[in-house]
Amino acid sequence: QRQFVESGGGLVQPGGSLRLSCVTAGFTLDNYHVGWFRRAPGKEDEGVSCIIIKYDRTYYRDSVKGRFTISRNYAKNTVFLQMNSLKPEDTGVYYCVTGPNYDCSVDVSRQTRRSYDYWGQGTQVTVSS
């Protein structure tokens, strides 16, 4: 059974930083595209960032470009999301996604729940003063 375990969330003031981790269990990431989504109260889930593991090619939604960095540790089957200059609108539950048809070449901001097949339980990020 494919699984993700996310961690690293927390409460941070505006302008602060967090580093999220997503560890896989039950499969290796070699040939996958992996993304981070977020769920905010009263809003639809939205794609935040995506990485093609094999080529280390990365993609971001416009609102996080220049502030967030997605990366992977190939040997440890882990994907990270470094989040800097956090804003209150970044608040939400962040979770990893993937699937056989999940494709980073699809605009991250246009990805939806139907884009992926596997996801984790998420980690809460709260940006507030």
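Looking at heavy atoms from C-beta onward, Phe80 lies out of side-chain contact with Leu20 at the 4.5 angstrom threshold. Residues Tyr118 and Pro100 are in side-chain contact: their nearest non-hydrogen atoms beyond the backbone lie under 4.5 Å apart. With a 4.5 Å cut-off on side-chain heavy atoms, Phe4 and Val23 do not count as touching. At least one side-chain heavy atom of Phe68 sits under 4.5 Å from a side-chain heavy atom of Val48. In this structure the side chain of Leu81 reaches within 4.5 angstrom of the side chain of Ser49, judged on heavy atoms.
Judged purely by distance below 3.5 Å, without hydrogens or angles, the side chains of Tyr116 and Tyr95 pair a donor atom with an acceptor atom. Between Gln111 and Tyr102, the side chains place a donor N or O and an acceptor N or O closer than 3.5 Å (distance only, hydrogens not considered).
Note that CG of Leu86 and CD of Gln13 are 11.5 Å apart. Values are rounded to the nearest 0.5 Å. If you take CD on Gln124 and CZ on Arg39, they are separated by 10.5 Å, rounding to the nearest 0.5 Å. To the nearest 0.5 Å, the span separating CG on Asp56 from CZ on Arg72 amounts to 4.0 Å. Residue Asn73 holds its CG atom at 12.5 Å from SG of Cys22, rounded to the nearest 0.5 Å.
Taking every heavy atom of both residues into account, Asp90 and Val125 meet most closely at O-CG1, 4.3 Å. Annotation for Val79 and Trp36: closest pair CG1-NE1, 3.7 Å, computed over non-hydrogen atoms. In this structure, Pro88 and Thr91 approach most closely via the heavy-atom pair O-OG1, 2.9 Å. Listed here is the closest heavy atom pair of Val34 and Cys104: O-SG, 4.3 Å. Between His33 and Thr98 the shortest heavy-atom distance is O-OG1, 2.6 Å.
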For Ser128 and Leu11, what are the C-alpha separation, side-chain angles and deciding distance, and is it a side chain to side chain contact (heavy atoms under 4.5 Å, CB included)?
-> CA-CA 7 Å; Ser128 175; Leu11 172 63; 4.3 Å; yes
Salt bridge (Lys or Arg N to Asp or Glu O under 4.0 Å) assessment of Lys54 paired with Asp30 = CA-CA 6 Å; Lys54 186 174 183 179; Asp30 303 34; over 6 Å; no
May I have the step-by-step check of side chain to side chain contact (heavy atoms under 4.5 Å, CB included) for Val93 and Thr123, ending in yes or no?
-> CA-CA 5 Å; Val93 176; Thr123 184; over 6 Å; no
Take Met83 and Tyr94 through the test side chain to side chain contact (heavy atoms under 4.5 Å, CB included) and record every step on the way to the result.
-> CA-CA 11 Å; Met83 306 187 297; Tyr94 285 68; 3.9 Å; yes
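In this structure, Ser21 contributes its side chain and Ser7 its backbone to no donor-acceptor pair below 3.5 Å. Proximity of a side-chain donor or acceptor of Gln121 to a complementary backbone N or O of Glu6 within less than 3.5 Å is detected. Checked by atom type and distance alone, the side chain of Arg67 pairs as donor or acceptor with a backbone atom of Ser63 at under 3.5 Å.
Transitive grouping of hydrophobic side chains (ILVMFWY, heavy atoms separated by less than 4.5 Å) keeps Leu29 and Val108 in distinct clusters. The cluster map of Ile, Leu, Val, Met, Phe, Trp and Tyr, joined by side-chain heavy atoms under 4.5 Å apart, puts Tyr55 and Tyr59 in the same cluster. Tyr32 and Ile52 sit in two unconnected hydrophobic clusters of ILVMFWY residues. Membership requires side-chain heavy atoms under 4.5 Å apart, directly or through other members.
The pair Arg38-Asp45 does not meet the salt-bridge criterion, since no charged nitrogen lies less than 4.0 angstrom from a carboxylate oxygen. The existence of a salt bridge linking Lys65 and Asp62 is confirmed by a sub-4.0 Å separation between a basic side-chain nitrogen and an acidic carboxylate oxygen.
Legend: residues meeting side-chain hydrogen bond (donor to acceptor under 3.5 Å, both in side chains) with Gln82, ordered by chain and number and at least two apart, are Asn84.
Taking the ring centre of Trp119 as origin, the terminal cationic atom of Arg113 falls inside the region bounded by 6.0 Å and 45° from the ring axis.
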